[in-house]
Amino acid sequence: MALSPSELNDLEFKQAKHDSTELLIDGKRVRKLFLAGRSESGKTTLIQALKGDNILYDKTQYINSWDIFIDTPGEYYESKYSSSSVALCCFSFESDLVGIIAGADEPYSILGYGLPTAINRPLIGIVTKIDSPKANVPMARLWLENAGVSKIFEVDSVTGRGIQELRDYLFQPVDDTITLDEAIARQQSNESEWTV
């Protein structure tokens with residue numbers, strides 16, 4: 001029986017989430033996503049939704065790296081101490097994309113302006129909790145735009161809204177990662193959307 005591309009995606013993804021290897025589709029590697037955002041913005045829940053797992057609250061205590069996701073504690077992102085910020089930047093080098101999370105129900109933003117100057121990976125924005133009664137999606141989008149992300153996704157991990165669009169984007173195969181020199185050159189040329 002032949003599988004449709006989306007069924008094949010689901011089958012390969014389910015296999016990859018049980019393996020420690022990289023996820024491959026048609027022999028090409030799928031992008032690895034590094035997630036950063038404040039505590040309780042929904043990073044771990046988003047990963048569970050993207051993987052098709054049951055949604056269980058699980059406080060991230062340390063940087064978790066597996067298959068195509070790197071999950072980080074919000075405290076690292078919120079810290080005013082430079083060592084935590086440096087740790088986030090260093091771990092982002094192991095990814096193809098950096099997803100900056102802003103919860104639609106957050107009362108304020110801790111996002112700084114000009115994040116692309118600190119992280120040499122393409123930045124996407126992800127607005128989580130869009131179905132929350134306290135959601136203010138336009139405000140969260142504005143915070144992400146000001147931070148310098150190139151593309152914004154709106155998702156709700158509990159209801160599933162927007163998850164498939166984000167999965168489709170993440171599961172676009174890539175030929176290979178770029179070198180540090182290539183990343184620096186792209187960053188210096190002010191490209192807003194990298195082709196990795």
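Starting from 1, each residue takes its place in the sequence as its number.
Between the side chain of Thr128 and the main chain of Val155, no donor-acceptor pair closer than 3.5 Å is present.
Sorted by first and then second residue, the salt bridge (Lys or Arg N to Asp or Glu O under 4.0 Å) pairs involving residues 134-149 (not counting sequence neighbours) are Arg141-Glu154. Within the structure, the ring-ring contact (aromatic ring centres under 6.0 Å, His included) test picks out no pair touching residues 126-149 (sequence neighbours left out).
One finds the CD1 atom of Ile124 at 8.0 Å from the CZ atom of Arg31 (value rounded to the nearest 0.5 Å). One finds the CG atom of Leu35 at 7.5 Å from the CZ atom of Phe69 (value rounded to the nearest 0.5 Å).
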Side chains of residues 97-110: which donor-acceptor pairs under 3.5 Å do they make with residues two or more places apart or in other chains?
from	atom 1	to	atom 2	distance (Å)
Glu106	OE2	Gly103	N	2.8
Tyr108	OH	Arg38	NH2	3.3
Ser109	OG	Leu111	N	3.0

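Asp131 meets the side-chain hydrogen bond (donor to acceptor under 3.5 Å, both in side chains) test with Thr159, Arg161; sequence neighbours excluded. Residues satisfying the side-chain contact (heavy atoms from CB on, under 4.5 Å) criterion with Glu165, sequence neighbours excluded, are Phe153.
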- Query: Should Ile126 and Ile152 be marked as a side-chain contact (heavy atoms from CB on, under 4.5 Å) after you check the CA-CA gap, both sets of side-chain angles, and the distance that decides it?
  - Reply: CA-CA 6 Å; Ile126 305 169; Ile152 297 176; over 6 Å; no
- Task: Could you go through the side-chain contact (heavy atoms from CB on, under 4.5 Å) check for Ser157 and Ile163 one step at a time?
- Result: CA-CA 7 Å; Ser157 300; Ile163 294 295; 4.3 Å; yes
- Item | Asp96 vs Leu33, side-chain contact (heavy atoms from CB on, under 4.5 Å): CA-CA, chis, key distance, verdict | CA-CA 6 Å; Asp96 299 298; Leu33 177 66; over 6 Å; no
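Two different hydrophobic clusters hold Ile47 and Val158 under the rule that ILVMFWY side chains link at heavy-atom gaps under 4.5 Å.
Residues Lys129 and Ala135 share a closest heavy-atom pair of O-CB, 3.7 Å.
Counting heavy atoms from C-beta on, the side chains of Leu144 and Val127 come closer than 4.5 Å.
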